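Below is one structure, written out as structure tokens, with a few remarks after it.
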Amino acid sequence: MKKKSLINLSYGKEHLAIPGPSNIPQRVLQAMNQPSPNIYGEKIVEITHKVMKGIKNFANTSGSVLIYISNGHGVWEATLVNLFNEGDKILLCCNGHFGHQWGKIARRLKLNIEFLDVGFSKAIDPNKIESILKKDKMHEIKGVLTTYTDTSSSSKNNIKTFKQAINSAKHNALLIVDAIASFGCERIEMDPWGIDVLITASQKGLMTPPGLGYCIINKKVKKNTLSKIYKKSISPYWGWYSRLKPKKFYEIFAGTPPTSLLIGQLEAINMLEEEGRDNVFLRHKILSGMVWSCIEHLGSKGNSLKLNIQNESQRSNAVTTVFSKGFDFTKTREWISKQGGVELGVGLGFTSSELLGGKSVFRIGHMGHLNPHMILGVLSILEAGLSFNKIPHQSGGVTVANNYMLKMIKK
Ligand SMILES: *Cc1c(COP(=O)(O)O)cnc(C)c1O
């Protein structure tokens, strides 16, 4: 048998540039590498409360944090079952795949969904929310649900204007925001922006393995949860009441606490706090700008690469979706993984034939534990992948990214 020898250069530290799970810092891994503390002891109680406080501070709210042993889907569902009853009407804003996925859960729970769907190329227009709510004279719509960043399209909504739209319509619907992709990357100001419920999870900007889901509720929602005759229909596991008012510590988790994940999460929170919230947001902004300037340059010849979101103010600082109309990107992505040790994200939810059913789409995750040399490595191997696979492009994208960074630092 003839042995085919193919040089493989990917030995070394692998880099995940998919939009979550993100790269886990060594500090987090090391913190987790210890025996589980006694779940009946003081230490785990202290760690849990520190994690709750850290998440709360990062969200900028005076409300409360509920922690689930779950991924994002778990907290999507937890939020729906705690706030709504079968038949309740909600307005679901969709600017990509994830809004629709949330909608599938809502439909299974027999909620009555009105969709505000703007497709995959832009953010939601708050004026549309206002006009829908104005027409709802009887205030049947109980909640306005939206993603902050939709991770498939990489479009970002201006959440502050959503609350303004609800207020202008003189409506009392709750504002519920899925910030799973962008929490810990992109500025979020829960109380100042009027968010009632904020949802996130551990594995993206929070730099910890998947397994912790968070519902962050403001004071008003907490008060309602505690004062309403407790909805009997909520399953004991998902219900907020006993998690908010535990008689015993274990009720916070409805069972054994996720010890190692909490320890890891606390270390990640410590890292975010050491860096400082504003600096975390600024770093992600600069790293995103490096990605965008590079892609725009690469696509300036042959018109092969394009940023999915044209309007810069609607672009996410956590993930960037790129497409190359008519080019199948599968092989290039595989080459980049095999030779470069970098995993790029696949296109999610794109179905059009000009984008080859999503094969012409890829995503670059730039969330969490990331600095210029890491993102430059991603961009550099991307450019090599384009060359190797003969996808037309303007070379020199990395230099453009570097220049962007230098310009931003000088400011
Ligand atoms: C990743 C993600 C989810 C889903 O989270 P899972 O942990 O995969 O369940 C939901 N919404 C957004 C915006 C996301 O980025």
Side-chain angles (χ1 to χ4, degrees), residues 16-24 55 59 66-81 90 92-109 117-118 120 122-124 144-159 162 175-188 190 195 197-216 238 258 261 264-265 268 284 288 308-309 314-321 343-350 361-368 370:
L16 266 185
I18 61 170
S22 63
N23 295 287
I24 305 171
I55 297 289
L66 295 123
I67 311 177
Y68 286 90
I69 303 175
S70 83
N71 54 20
H73 282 66
V75 276
W76 266 348
E77 184 168 335
T79 302
L80 297 176
V81 295
I90 57 170
L92 183 58
C93 305
C94 297
N95 49 315
H97 177 70
F98 284 86
H100 291 284
Q101 293 300 102
W102 200 0
K104 281 184 192 165
I105 299 176
R107 202 172 303 121
R108 278 282 298 278
L109 294 167
D117 184 359
V118 299
F120 276 61
K122 57 174 184 284
I124 309 275
V144 175
L145 282 66
T146 186
T147 55
Y148 183 14
T149 281
D150 191 293
T151 326
S152 64
S153 63
S154 72
S155 62
K156 170 182 77 178
N157 290 310
N158 185 344
I159 299 298
F162 283 28
L175 178 58
I176 302 160
V177 179
D178 163 357
I180 296 173
S182 40
F183 195 86
C185 309
E186 189 105 60
R187 179 172 294 284
I188 190 120
M190 183 164 168
I195 301 168
V197 178
L198 189 66
I199 296 169
T200 189
S202 51
Q203 78 271 25
K204 295 182 181 171
L206 286 171
M207 308 184 287
T208 302
L212 297 178
Y214 300 97
C215 293
I216 314 166
W238 293 113
L261 283 172
Q265 183 66 91
H284 280 89
S288 313
N308 185 47
I309 303 302
Q314 300 182 358
R315 286 183 204 147
S316 164
N317 285 347
V319 54
T320 295
T321 305
E343 299 289 346
L344 292 175
V346 296
L348 255 194
F350 290 82
V361 183
F362 66 95
R363 291 176 299 158
I364 302 171
H366 36 89
M367 48 180 58
L370 203 70

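In listed order, ligands and their atoms are each counted from 1. These numbers come from a predicted model, not from an experiment.
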### Message
So Asp117 and His100, do their side chains get closer than 4.5 Å, heavy atoms only?
### Response
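Of all side-chain heavy-atom pairs linking Asp117 with His100, at least one is under 4.5 Å.
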
### Task
Test side chain to side chain donor-acceptor pair (under 3.5 Å) on Gln265 and Tyr214 and set out the steps.
CA-CA 12 Å; Gln265 183 66 91; Tyr214 300 97; 2.9 Å; yes

### Message
Leu348 vs Thr151, test: side-chain contact (heavy atoms from CB on, under 4.5 Å). Steps then yes/no.
### Response
CA-CA 9 Å; Leu348 255 194; Thr151 326; over 6 Å; no

### Message
Less than 3.5 Å apart, any donor N or O on the side chain of Asn317 or Ser182 sitting next to an acceptor on the other?
### Response
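Asn317 vs Ser182: no donor-acceptor pair found between side chains.
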
### Query
When you check the side-chain N and O atoms of Ser154 and Thr321, is any donor under 3.5 Å from an acceptor?
yes

Starting from the N and O atoms of ligand 1, collect every protein N/O partner closer than 3.5 Å and put each pair on its own line with the distance to 0.1 Å.
unit_1, atom_1, unit_2, atom_2, d
ligand 1, 7 (O), Gly72, N, 2.8
ligand 1, 7 (O), Gln203, NE2, 2.7
ligand 1, 9 (O), Gly72, N, 3.0
ligand 1, 9 (O), His73, N, 2.8
ligand 1, 9 (O), His73, ND1, 2.5
ligand 1, 11 (N), Asp178, OD2, 2.7
ligand 1, 15 (O), Thr151, OG1, 2.3
ligand 1, 15 (O), Lys204, NZ, 2.7

### Message
On a heavy-atom basis, which atom in Ile24 and which in Pro209 lie closest, and how many Å separate them?
### Response
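Nearest pair, atom of Ile24 first, then Pro209: CD1-CG, 3.7 Å.
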
